[in-house]
Amino acid sequence: MILSPRQLQPAIASFLAEDLGRGDISTLTLPNQLATGEIIAKQAGILAGQVIPSVVAQILSEHGHYEAVLADGTWVTPGMVVGRMTAPIVELLAGERVMLNLMQRMSGIATATDAAIKELADPKIAILDTRKTLPGLRQFDKAAVVIGGGQNHRFGLDDAVMIKDNHWALIDDLPTTVQALRRQIGPTKIIEVEVETRTQLQAAVASQVEMIMIDNQSPATVKAWRQLIPALIKVEVSGGITPTTLVQYAGTGVDYISLGYLTHSVTALDLSLEIGTDK
C-alpha cells in the first residue's frame, strides 16, 4: 500500500483538530517567526512515514515546507537527521506531536516487519499484516508494513472473502457456500478459508478456493498439511506466532505468514523534533 498526500489529508486534519482544540495556548506569547525543525532519529530502525510532515505542513500553514533528507525504508541510527520542516513557529509546534506520533508508530511497524523477515530467513515465504490495527490508523499501519518489506493482507472486509471459525459454525456445507459466494462476488476477488482441523482442510481443498489459512497449528503439522494442498492454492499460516517462534515455520512450504503483532503490539521508534529559528 502506498500513501498519497490527498488520501491522508482528512485523517491527519482530524488528528490535528483533536490535539489543537481551540488553539495552542502555550504559544500565545511567542513571536510567530519562521523556524526550521529537524526530525532526528533517537533509535536505530527502519524509517517510515516521510509523507506525513508535508501533509501536516500543508494543513497548518501556507508557508510550511518539508524537506525529506532520508527516504522511507532507510535504516537510521541515533543522531541521523531524517528531514527538515520550515514553517511559522506556532504552526510548527502545533503539528509536532501528531507528526512525530504517526512517524514513530509507522517506523516501529516497519522495523518490526524488517526484523521478522530477517529472523524467518526464508525468501519463499512472505510476511503479511492483518486487520488488527487501531481504528483510523489502518492505512498508516499497512503502508508501514510494506516499507518494512512485508505485504498487505486484505485492507478491509470488502477486499476478499475469508471464511473463519465463526463462519464455519454458521454454514452447513463449505463447497455449497463457496459456490454461492462466487456468484455474489464475481471473478476479481479471492476466497480464503481458515482451517483448524484436517476435515476442514479437506473441505477447503475440495471447494477449490484460492487460498487456505492454516491456523494455530505446530510447524510440523503445517508442513504435513501443506503436502495435502494442491500447488495452485496459496497457503497462509497464522495464529499466535511470535518473534521467538517465527523461525520454526521456515521451510514449511507455505507462501505466507501473517503476524498480528506487527500492528497490534507496536513499539514506536523514537524520533524527535529540534527547532532553531531563522533570523
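Here the structure is a predicted model, which is why all the values come from computation and not from measurement.
- A donor-acceptor pair under 3.5 Å is absent between the side-chain atoms of Thr27 and the main chain of Leu30, judged by distance alone.
- Under a hydrophobic-cluster definition in which Ile, Leu, Val, Met, Phe, Trp and Tyr are linked whenever side-chain heavy atoms come within less than 4.5 Å, directly or via other members, Leu269 and Ile117 are assigned to different clusters.
- No side-chain donor-acceptor contact under 3.5 Å links Asp270 to the backbone of Lys42.
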Using side-chain contact (heavy atoms from CB on, under 4.5 Å), reason through Leu47 and Trp75 one step at a time and then give a plain yes or no.
CA-CA 6 Å; Leu47 176 65; Trp75 181 266; over 6 Å; no
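- Taking CG from Leu102 and CG from Leu8, the interatomic distance works out to 9.0 Å, rounded to the nearest 0.5 Å.
- A 4.5 Å side-chain heavy-atom check between Ile185 and Ile191 finds at least one atom pair inside the cut-off.
- For the pair Arg226 and Glu236, the salt-bridge criterion is not met [side-chain N within less than 4.0 Å of a carboxylate O].
- Counting heavy atoms from C-beta outward, Met103 and Ile39 have side chains that approach closer than 4.5 Å.
- When all heavy atoms of Ala203 and Ser207 are compared, the closest pair comes out as O-OG, 2.8 Å.
- Residues Val81 and Val56 share a single hydrophobic cluster, defined by chaining ILVMFWY side chains whose heavy atoms lie under 4.5 Å apart.
- Here CD of Glu274 is found 7.5 Å from CD of Glu38. Values are rounded to the nearest 0.5 Å.
- Both Leu271 and Leu93 belong to a common hydrophobic cluster when Ile, Leu, Val, Met, Phe, Trp and Tyr are linked at side-chain heavy-atom distances under 4.5 angstrom.
- Between the Gln217 side chain and the Val222 main chain, no donor and acceptor come within less than 3.5 Å of each other.
- Looking only at side-chain heavy atoms (C-beta outward), Thr74 and Ile46 stay at 4.5 Å or farther from each other.
- For Thr111 (side chain) and Ser107 (main-chain N/O), a donor-acceptor pair under 3.5 Å exists by modelled atom type.
- A donor-acceptor pair under 3.5 Å links the side-chain atoms of Thr177 to the main chain of Asp173, judged by distance alone.
- The two residues Thr77 and Ala41 come nearest to each other via the heavy atoms O-CB, 3.6 Å.
- For Leu28, the CG atom sits in a packed shell: over 12 heavy atoms of surrounding residues, nucleotides or ligands are nearer than 6.0 Å.
- Contact annotation: the side chain of Leu259 never approaches that of Thr130 to less than 4.5 Å [non-hydrogen atoms, C-beta and beyond].
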side-chain contact (heavy atoms from CB on, under 4.5 Å) between Ile125 and Tyr249, worked out:
CA-CA 9 Å; Ile125 303 177; Tyr249 291 86; 5.6 Å; no
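- The closest donor-acceptor contact from the side chain of Ser238 to the backbone of Asp215 lies at 3.5 Å or more, if one exists at all.
- Arg97 CZ: more than 12 foreign heavy atoms inside a 6.0 Å radius.
- Under the 4.5 Å side-chain criterion, counting only non-hydrogen atoms from C-beta, Leu92 is not in contact with Leu34.
- The heavy-atom pair separating Leu3 from Ala143 by the smallest distance is CG-CB, 3.5 Å.
- Residues Ile212 and Val205 meet the side-chain proximity criterion, which asks for heavy atoms closer than 4.5 Å.
- For the residue pair Thr36 / Thr86, a side-chain donor-acceptor distance below 3.5 Å is found, with atom types taken as modelled.
- In this structure, Arg138 contributes its side chain and Arg131 its backbone to a donor-acceptor pair below 3.5 Å.
- Closest heavy-atom contact between Arg6 and Pro10: O-CD, 3.5 Å.
- The minimum heavy-atom distance between Gln151 and Tyr256, with the atom names listed, is OE1-CE2, 3.9 Å.
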Determine, stepwise, if the pair Met106 / Ile52 fulfils side-chain contact (heavy atoms from CB on, under 4.5 Å).
CA-CA 10 Å; Met106 287 186 66; Ile52 292 167; 3.6 Å; yes
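- Leu137 and Val145 sit in two unconnected hydrophobic clusters of ILVMFWY residues. Membership requires side-chain heavy atoms under 4.5 Å apart, directly or through other members.
- The backbone N or O of Phe155 lies less than 3.5 Å from a partner atom in the side chain of Asp159, making a donor-acceptor pair.
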With a 3.5 Å cut-off and sequence neighbours excluded, list the donor-acceptor pairs that the side chains of residues 61-72 form with protein atoms.
unit_1 : atom_1 : unit_2 : atom_2 : d
Ser61  : OG     : His63  : N      : 3.0
Tyr66  : OH     : Gln50  : OE1    : 2.7
Asp72  : OD1    : Gly49  : N      : 3.0
Asp72  : OD1    : Gln50  : N      : 3.0

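- Within a 6.0 Å sphere centred on NZ of Lys189, other residues, nucleotides and ligands contribute more than 12 heavy atoms.
- Between the CD atom in Gln202 and the CG atom in Leu174 there is a gap of 12.0 Å [rounded to 0.5 Å].
- Residue Gln9 places its CD atom among more than 12 non-hydrogen atoms of other residues, nucleotides or ligands, all under 6.0 Å distant.
- Within the 4.5 Å cutoff, side-chain heavy atoms of Leu60 are placed close to those of Leu20.
- A continuous path of Ile, Leu, Val, Met, Phe, Trp and Tyr side chains, each step under 4.5 Å between heavy atoms, connects Val51 with Met85, placing both in one hydrophobic cluster.
- With Gln200 contributing its side chain and Arg198 its backbone, the two residues share no donor-acceptor pair below 3.5 Å.
- Gln208 has its side chain out of reach of Pro230: every pair of non-hydrogen atoms, C-beta onward, lies at least 4.5 Å apart.
- Although no hydrogens or angles enter the test, the distance criterion places a donor-acceptor pair under 3.5 Å between the side chain of Asn32 and the main chain of Val90.
- Atoms OH and CG, on Tyr261 and Leu246 in that order, are 5.5 Å from each other to the nearest 0.5 Å.
- Separation of atoms CG (Leu273) and CD (Glu96) is listed at 5.0 Å; rounding is to 0.5 Å.
- Atom-to-atom distance recorded for Leu262:CG and Thr133:OG1 is 12.0 Å, nearest 0.5 angstrom.
- Annotation for Trp225 and Thr197: closest pair CH2-C, 3.5 Å, computed over non-hydrogen atoms.
- Arg105 and Asp141 are joined by a salt bridge, as a carboxylate oxygen and a charged side-chain nitrogen come within less than 4.0 angstrom of each other.
- Using a 4.0 Å cut-off between charged nitrogen and carboxylate oxygen, Arg182 and Glu210 count as a salt-bridge pair.
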Check against side-chain contact (heavy atoms from CB on, under 4.5 Å), Gln104 and Asn101
CA-CA 5 Å; Gln104 288 180 147; Asn101 283 352; 4.2 Å; yes
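- Grouped with Met213 in one hydrophobic cluster are Met162, the linkage being side-chain heavy-atom contacts under 4.5 Å among Ile, Leu, Val, Met, Phe, Trp and Tyr residues.
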